[in-house]
2 protein chains.
Amino acid sequence: MKLSTRTRYGLRAILELAENVEKGPLQLRVIAQRQEISPKYLEQLITVLRSAGLVRSIRGAKGGYVLAKPPSKIRLDEVFNCLEGAVTTAECVDDGTACQRAPDCAARIIWTQVQQAVENVLKAVTLQDLIRKAKAGGSVNYQI
Amino acid sequence: MKLSTRTRYGLRAILELAENVEKGPLQLRVIAQRQEISPKYLEQLITVLRSAGLVRSIRGAKGGYVLAKPPSKIRLDEVFNCLEGAVTTAECVDDGTACQRAPDCAARIIWTQVQQAVENVLKAVTLQDLIRKAKAGGSVNYQI
DNA sequence: ATAAAATACTACTATTTCAGTAGGAATAAC
DNA sequence: GTTATTCCTACTGAAATAGTAGTATTTTAT
C-alpha cells in the first residue's frame, strides 16, 4: 500500500505552498531545496497539480508557484486524486459490471469498505487543517 | 491505490477455502477454475498464504488446501499483510526516525490517518464476517 | 535591447515491480 | 507403480516508478 514518491513529494510541495501562502510566489528551486526533492522531478509533479487547477504558476523572473485557492478550500482528496489517481482499491468497487461475480462477491465487500474509509479521511481534511494540526504539536493522533 | 492482483486474487482464493471449509481439501486447480485465475500464478499466492500460517496444504493425490484456522479466526489484516505487505502509506508513519521532518510534518499526519483508517477496517473483519455479509445480500454497504 | 531568472515542454532512461510462465521433484492415494 | 497432487527453482515480458537532459518561452530588471 505504500504511496508513490509522486504522491508523497507532491503533497509536501503543495503543503509548502500552503504554509507560505501570504508570501507571494515560491520558486520550484526553493520548494525542492526545502523538501529535498530533485527539482526536475518536482517540476513534473507540480505540473500535475497545476493542470488539476490546484496550483497557479507565474512565469519569468520573480515568478514561481502559488496556490490557486486558499488552503482551507483544498481538500486532501483533490490532491490525492491528481497525484495518485482515484482511491480505487479494485475495479469492481466503482463499477459493479466489471466482474460477473460482483453482486455477491465477498472480496468486493471489504475492498469497498477500505476504499470508503480512505475516501472519508481524505475528504474531511484540508491543507489548512493539516498545517494547523502540525503546528499544534504535530504527529499526535486522535482515533476517530 | 489499486491493489495488486496478488492481493485481490489471494483474498478470493482464501475466501474460496473459507466457503468450503467443511468439504475437505480443495485443489489448486479447482480454486483457479472457479476464480478464473492462472493456476501457476495462484500457486505462488497460496504458497505465501501457507507460509504465513493461514492455509495448510495436503500433498499427494486427493490432496489440496484447507484453512489452517476457522474462518472466524482469520482477520482480513492477516490476509492483507502477507499478500500486499503491511498497510504502510509512508515509511515515517511507522518509523518516526525515517525522516528528520517527521515530528512536525503536516503530510505525515494525513498518511497516519489514512493508514489507521485502513487498519481499523481490516482488523475488524474476519473471513466469516465477509462470507456472511455476501450471503446476506452482498454489496450493500453500511457507513460506519 | 539585452541579460538574467524563472517556468514550460518534449523526450529519454535505468531500475524495480507486476503478473505471470515453465519444468521438474517430492509426496501420497489407489 | 501409476496417477494425482503439491513443492521448488528459475525465467520472462510488460508496465510503472523515479528520475534526468536539453531546449523553448516568458517576464523582470538594467
Side-chain angles (χ1 to χ4, degrees), chain A residues 1-14 16-17 23-33 35-68 82-86 88-91, chain B residues 1-14 16-17 23-33 35-68 82-86 88-91:
Chain A
M1 278 264 296
K2 202 180 158 198
L3 301 167
S4 58
T5 60
R6 195 181 152 90
T7 300
R8 290 180 291 117
Y9 292 178
L11 174 60
R12 277 157 52 192
I14 201 171
E16 191 71 43
L17 292 179
K23 296 180 192 160
L26 209 57
Q27 286 84 42
L28 185 67
R29 181 176 39 81
V30 174
I31 304 173
Q33 249 164 30
Q35 293 293 329
E36 298 174 275
I37 302 169
S38 142
K40 275 301 200 181
Y41 188 38
L42 182 57
E43 191 188 316
Q44 280 182 29
L45 311 185
I46 220 158
T47 296
V48 174
L49 293 168
R50 186 166 56 85
S51 23
L54 300 177
V55 161
R56 213 157 44 75
S57 68
I58 294 141
R59 299 187 68 166
K62 305 243 168 163
Y65 297 92
V66 292
L67 291 186
C82 74
L83 291 167
E84 187 86 10
T88 302
T89 49
E91 290 285 325
Chain B
M1 279 262 298
K2 201 180 158 198
L3 301 168
S4 58
T5 60
R6 194 181 152 92
T7 300
R8 291 180 291 115
Y9 293 178
L11 174 60
R12 277 157 52 192
I14 200 171
E16 191 70 43
L17 292 179
K23 295 181 195 159
L26 209 57
Q27 286 83 42
L28 186 68
R29 183 177 39 80
V30 175
I31 304 174
Q33 248 164 30
Q35 292 293 329
E36 296 175 276
I37 301 170
S38 144
K40 275 299 199 181
Y41 188 37
L42 181 57
E43 192 187 316
Q44 280 182 29
L45 310 185
I46 220 158
T47 296
V48 174
L49 293 168
R50 187 168 54 85
S51 23
L54 301 177
V55 162
R56 212 157 45 76
S57 68
I58 293 139
R59 299 188 68 168
K62 306 243 170 164
Y65 297 92
V66 292
L67 291 186
C82 74
L83 291 167
E84 186 86 10
T88 301
T89 50
E91 290 284 326

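Predicted model, so just to flag it, every value in this text is computed and none were measured. A note on names: the letters A, B, ... follow the listed sequences, proteins ahead of strands, and every chain is numbered from 1. Atom set for the values below is all heavy atoms of this structure, side chains included, hydrogens, waters and symmetry mates excluded.
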With sequence neighbours left out, write down each residue that passes side-chain hydrogen bond (donor to acceptor under 3.5 Å, both in side chains) with Gln27(B), or none if nothing qualifies.
none
Angle between the two end axes of the helix from dA1(C)-dT30(D) to dC30(C)-dG1(D), five base pairs per end, rounded to 10 degrees?
10°
OP1 or OP2 of dT20(D) sitting under 4.0 Å from any side-chain N/O of Ser38(A)?
yes
With Arg6(A), which residues qualify under side-chain hydrogen bond (donor to acceptor under 3.5 Å, both in side chains), at least two apart?
none
Start and end of the DNA chain C segment that chain B contacts, any atom under 4.0 Å from a heavy atom:
dA19(C) to dC30(C)
Please list, pair by pair, any protein nitrogen or oxygen found under 3.5 Å from a nitrogen or oxygen in nucleotides 11-15 of chain D.
none

Set of residues satisfying side-chain contact (heavy atoms from CB on, under 4.5 Å) with respect to Pro25(B), sequence neighbours excluded
Ile58(B), Val66(B)
Which residues pass the side-chain hydrogen bond (donor to acceptor under 3.5 Å, both in side chains) test with Ser57(A), not counting sequence neighbours?
none
Under the side-chain contact (heavy atoms from CB on, under 4.5 Å) test, which residues partner Gln44(B), sequence neighbours left out?
Tyr41(B)
side-chain hydrogen bond (donor to acceptor under 3.5 Å, both in side chains) filter on Glu36(B), not counting sequence neighbours, yields Arg101(A)
Test of understanding: with side-chain contact (heavy atoms from CB on, under 4.5 Å), list the residues that count as partners of Lys62(A), not counting sequence neighbours.
none
Check: residues 49-56 of chain B side-chain donor-acceptor pairs under 3.5 Å, at least two apart:
from     : atom 1 : to       : atom 2 : distance (Å)
Ser51(B) : OG     : Thr47(B) : O      : 2.7
Ser51(B) : OG     : Val48(B) : O      : 3.4

Does a nitrogen or oxygen in the side chain of Tyr41(A) sit under 4.0 Å from OP1 or OP2 of dT17(D)?
no
Nearest to the side chain of Lys40(B), which nucleotide is it out of dC8(D), dA21(D), dT6(D)?
dC8(D)
Distance (rounded to the nearest 0.5 Å) between Gln33(B) CD and Leu28(B) CG:
10.5 Å
If you restrict it to nitrogen or oxygen atoms, what contacts under 3.5 Å exist between nucleotides 26-30 of chain D and the protein, and what is each distance?
from    : atom 1 : to       : atom 2 : distance (Å)
dT27(D) : O2     : Ala61(A) : N      : 3.2

